[in-house]
Amino acid sequence: MMQPGAEFEPRLIAFLCNWCSYAGADLAGISRFQYPPNIRVIRVPCSGRVDPLFILKSLQHGADGVLVSGCHPGDCHYLTGNYYARRKFIVLKRLLDYVGLEENRVQFSWVSAAEGEKFSRVVADAVEKIKALGPAKRLVKTFSLPPELIQAAHM
Amino acid sequence: MELENQIEHELRERAQQLLAENVVDLIIGYGRGTLPNRVTPVFIRKPQDANMLVWNNHCQLNLVSYLQRMQSSSKIGIVVKGCDARSLVGLIKEKQISRDRLHIIGIVCDGILDTRATGEPPIPYASCQHCEVNVPPLYDILIGSPDEIKPKKPSELDAELAAFEALSPAERWKALEQEFSRCIRCYACRNACPLCYCEECFVDQTQPKWISEGTHPSDIMIYHLVRALHSAGRCGECGACERACPMGIKLRLLTQKVSRDVAELFQDKPGIDLERPPALHTFSTDDDNSTFL
Amino acid sequence: MAKDSTKHLTSKLLPKKNLEQFLDALLKQYDVIAPVEQNGFSRYQKITRGTECCLKYRLPRNSIKEFFLPQDETLFFFEPGAASLSDAPSAKREPIIFPVRPCDVRALTILDAVFDDEQFSDSYYVEKRRRMRLIGMACLEPDDTCFCETFDINSTDGTGCDLFLTEVEDSYIIDVLTTKGKTLIKTLADAPQELIQKKKQQVAARRKSQSLKLAEVQNFLKQCFESELWEEMAAKCLSCGACAFLCPTCHCFDITDDVAGKIGRRLRSWDCCMFPKFTLHASGHNPRTKHAQRLRQRIMHKFSYFPENKSLIACVGCGRCVVACPVNLDIREILSTLASSTHPASP
């Protein structure tokens with residue numbers, strides 16, 4: 001549970017494609033580019049593998065934000081996976097904004113294996129935007145609990 | 001009314017002929033329902049039964065959803081409105097049914113009346129009021145005359161959608177939660193949709209279990225959002241999902257938004273062109289990149 | 001479930017114009033569940049003001065079963081590492097449903113037979129049933145889709161309710177049927193004799209709903225499990241759960257575990273024999289893959305298995321499924337088809 005007065009530290013799920021963005025994250029580490037420790041990385045074969053359902057499930061179960069990152073358009077390891085992903089995510093992003101899930105709760109980027117520095121910037125930027133939004137509330141699954149469990153739920 | 005009777009008359013005649021000449025061995029059409037203002041699907045196999053077919057402004061079902069289970073018929077005649085034909089085109093494109101097995105009986109449609117609206121005179125469904133596909137985009141025979149159709153205001157949003165769009169994001173979220181609080185998860189919307197044909201819907205999967213049973217608002221919201229996304233670039237905007245809903249949920253709020261975005265982003269209107277791949281099954285290297293950092 | 005005497009204690013008068021006021025008074029002490037106007041129908045839900053109650057439609061789209069067997073019911077909560085379970089918080093105020101039609105009251109006796117018989121008693125159900133107060137209302141006119149007469153339901157009889165209203169001119173005559181009901185109408189005046197007389201006349205002259213030939217249906221069901229009719233009748237069924245979920249007597253449920261954050265709950269939720277998943281085995285085998293098999297199950301359960309096990313027919317003729325079926329697959333038509341099939345002579 002957040003201590004009163006403490007700064008809100010969001011939890012982000014980052015879906016990173018194996019071939020570019022995950023390698024980019026690796027490079028950021030090797031190169032000692034600093035970025036906030038708020039992301040939990042899930043490695044996927046391709047940004048095209050990321051089902052909108054994964055993003056919604058992350059938000060439902062405690063992520064304050066989601067970052068999806070893949071190879072730059074034209075550089076997909078599978079040639080076209082990220083192009084399909086791009087269409088899918090534009091539609092998703094617009095729908096989420098429309099239904100009233102806050103803008104920036106879900107963010108997308110292209111980071112290549114050579115862009116360690118960009119990766120650290122993207123993460124810092126994403127975390128900052130989500131800090132500004134505050135903890136996720138909409139879509140988060142909670143129960144109406146008996147009093148004895150309310151404390152436990154937040155531990 | 002007279003025009004409709006004429007259509008009905010011609011429909012029966014043509015159907016009888018198709019069955020008698022063995023062009024088709026089954027016709028899926030509308031028949032008289034058991035309640036006023038309702039029709040029900042009929043499956044006709046004998047020429048003498050063709051007079052069971054009806055056509056009127058209550059033919060709200062999208063019969064295309066029955067096609068895939070009719071495996072035993074080699075050639076099927078199916079009665080479609082413009083919007084129904086759009087979903088049919090979608091199914092053919094997605095290789096769910098072969099064009100060769102179909103004899104499409106297209107009907108020129110001027111809109112279906114909203115049976116839920118209680119006012120007088122009855123008004124057409126919201127999705128019909130702005131419909132610009134009065135003539136099916138694909139047919140083998142066409143019944144009715146396109147010249148008789150009153151012009152519509154296609155690109156305008158209907159009042160309910162416009163009112164929803166005008167709300168703030170927080171208000172929109174609240175309004176949707178309110179709307180979906182009536183959802184009983186009967187899946188009539190999914191099952192009435194010809195394009196929801198997955199052998200196992202994600203909501204029914206148990207490994208992993210994507211959403212829980214019960215009616216937790218968060219789970220229900222995910223179901224409806226994902227359903228809308230799955231129909232992106234495919235939805236023929238027939239409105240069958242919304243009309244099937246026993247709790248009167250305005251599913252259009254989501255499906256129409258996705259359809260409008262697809263039209264705007266990819267200049268595509270699903271189910272019109274048999275050759276063009278569905279918008280989300282393809283891409284352009286020039287697609288909008290502004291969403292990506 | 002045992003109720004106290006069904007004999008009328010007395011009759012009270014409630015002018016229609018005072019109905020909202022009456023509900024507002026109840027709301028001070030109770031949770032009131034009443035029909036609320038939606039888009040072309042009404043829906044039972046908790047109200048906060050008497051004006052929300054809408055009596056324009058005879059039967060709300062949903063049935064009252066969800067207040068006894070909720071679609072989403074937490075049986076208990078659990079947390080990792082904890083040695084004990086926690087009960088779900090219960091509502092503080094006692095609930096009242098207004099108005100309940102006699103068909104729905106009959107439906108409760110069917111649910112009672114499942115959840116509160118001599119052998120098994122479901123504490124979650126029983127507790128809700130015990131707390132609930134029912135204010136019934138007579139049907140002097142049926143809807144087009146009503147067929148309660150088939151099941152010998154007297155639509156003007158308030159048995160099973162705490163209070164029972166009958167519309168007479170611009171008033172309701174309220175029969176007080178239980179002591180629990182009596183506490184709800186303390187401030188109302190007695191009904192004048194002439195209106196009580198008038199009520200009796202009206203009740204005698206009530207228009208009865210459609211009555212279907214049930215004996216023949218049940219006859220057919222005994223011998224025709226493999227009939228081709230099932231395929232024919234189910235051809236248009238979409239296999240959605242609208243019929244079962246709106247049905248006041250369908251009571252199949254599923255029990256699953258559900259998690260939110262660090263807390264889990266055991267969840268009881270409605271299930272439905274129209275869904276293929278209903279009978280899916282862990283092995284992957286499914287004994288009911290076809291629409292026809294599932295439709296047959298639904299009809300058989302209501303009109304054959306349940307009567308065999310419980311001596312009650314699990315249908316009350318409320319017609320909700322008739323109204324709500326997206327493809328107009330009408331249970332009355334199914335019953336008529338089945339009934340006529342017992343005579344090989346008739347087509």
Side-chain angles (χ1 to χ4, degrees), chain B residues 28 30-36 38-43 58 60-61 63 65-66 69-70 114-119 160 181-193 199-201 203-206 209 211-220 240-241 243-250, chain C residues 37-41 43 45 56 61-62 66 70-74 144-145 232 235-246 253-260 265 267-272 274-277 280 282 290-291 319-333 336:
Chain B
I28 308 176
Y30 302 101
R32 187 184 303 281
T34 61
L35 300 173
R38 291 294 297 272
V39 297
T40 191
V42 287
F43 305 89
H58 296 295
Q60 53 163 296
L61 310 163
L63 301 173
S65 37
Y66 291 106
R69 53 165 116 152
M70 298 299 162
D114 191 341
T115 45
R116 300 164 308 181
T118 41
E160 279 174 340
S181 69
R182 294 199 301 278
C183 179
I184 54 171
R185 285 181 71 172
C186 66
Y187 299 126
C189 48
R190 176 190 73 185
N191 294 11
C193 174
E199 245 175 59
E200 192 181 28
C201 179
V203 297
D204 290 332
Q205 287 175 344
T206 49
K209 187 144 185 59
I211 63 173
S212 295
E213 308 298 323
T215 53
H216 196 289
S218 170
D219 288 319
I220 288 187
C241 52
R243 294 195 289 258
C245 178
M247 301 311 287
I249 297 170
K250 291 171 201 152
Chain C
E37 166 100 69
Q38 311 283 329
N39 189 14
F41 60 93
R43 173 177 180 254
Q45 59 191 54
K56 199 160 95 186
R61 184 61 57 88
N62 55 344
E66 67 183 70
Q71 180 164 18
D72 185 301
E73 182 175 33
T74 302
D144 290 346
T145 49
E232 256 171 62
K236 60 186 170 190
C237 176
L238 291 177
S239 258
C240 74
C243 49
F245 285 177
L246 299 178
F253 59 82
D254 194 5
I255 293 185
T256 48
D257 284 354
D258 182 20
V259 177
R265 62 168 178 158
L267 164 68
R268 171 154 76 181
S269 57
W270 293 348
D271 207 342
C272 163
M274 295 283 112
F275 297 154
K277 203 173 85 173
L280 181 62
K290 288 183 176 171
H291 294 79
R320 284 189 175 89
C321 56
V322 178
V323 177
C325 178
V327 298
N328 189 222
L329 178 52
D330 189 326
I331 195 167
R332 297 171 302 173
E333 206 173 35
S336 312

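Letters A, B, ... are given to chains in the order of the sequence lines, protein chains preceding strands, and every chain is numbered from 1.
Contacts of C:Cys237 with chain B are made by backbone atoms alone, with heavy-atom separations under 4.5 Å and no side-chain atom involved. Contact annotation for C:Lys236: both backbone and side-chain heavy atoms come within less than 4.5 Å of a heavy atom of chain B. Interface residue B:Leu61: only side-chain heavy atoms are found under 4.5 Å from chain C. Interface remark: C:Cys243 contributes no atoms to any contact with chain B (heavy atom separation under 4.5 Å). At a 4.5 Å heavy-atom cutoff, C:Arg320 makes no contact with chain B through either its backbone or its side chain. The part of C:Leu267 that comes within reach of chain B is its side chain, from C-beta onward, which places non-hydrogen atoms under 4.5 angstrom from that chain.
Comparing C:Gln38, C:Arg332, C:His291 by heavy-atom pairs within less than 4.5 Å of chain B, the highest count is held by C:His291. Per-residue counts of heavy-atom pairs under 4.5 Å with chain C were compared for B:Ile28, B:Val42, B:Thr206, B:Thr40; the largest is that of B:Thr40. Heavy-atom pairs under 4.5 Å with chain B were tallied for C:Val323, C:Asp144, C:Val327, C:Asp330; the largest tally goes to C:Val327.
Looking at B:Arg182 and C:Arg61, their side chains never come closer than 4.5 Å, going by heavy atoms from C-beta outward. Here the side chains of B:Leu35 and C:Asn328 are in contact, with some heavy-atom distance below 4.5 Å. Contact of the C:Gln71 side chain with the B:Glu213 side chain is not registered, since no non-hydrogen atoms from C-beta on lie closer than 4.5 Å.
For C:Glu66, the side chain to side chain contact (heavy atoms under 4.5 Å, CB included) partners are C:Asn62, C:Trp270, not counting sequence neighbours. Residues that satisfy the ring-ring contact (aromatic ring centres under 6.0 Å, His included) test with B:Tyr187, not counting sequence neighbours, are B:Tyr223, C:Phe275.
Proximity of a side-chain donor or acceptor of B:Asn191 to a complementary backbone N or O of C:Ser239 within less than 3.5 Å is detected. Judged by distance alone, the side chain of C:Asp72 and the main-chain N or O of B:Gly214 form no donor-acceptor pair under 3.5 Å. A distance-only check finds a donor-acceptor pair linking the side chain of B:Arg69 to the backbone of C:Ala235 [under 3.5 Å].
Atom CG of C:Asp258 and atom CG of B:Asp219 lie 6.0 Å apart (nearest 0.5 Å). From C:Leu246, atom CG reaches atom SG of B:Cys186 across 7.0 Å, with rounding to the nearest 0.5 Å.
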Verdict with reasoning, B:His216 to C:Arg265, per side-chain contact (heavy atoms from CB on, under 4.5 Å): CA-CA 12 Å; B:His216 196 289; C:Arg265 62 168 178 158; 4.3 Å; yes
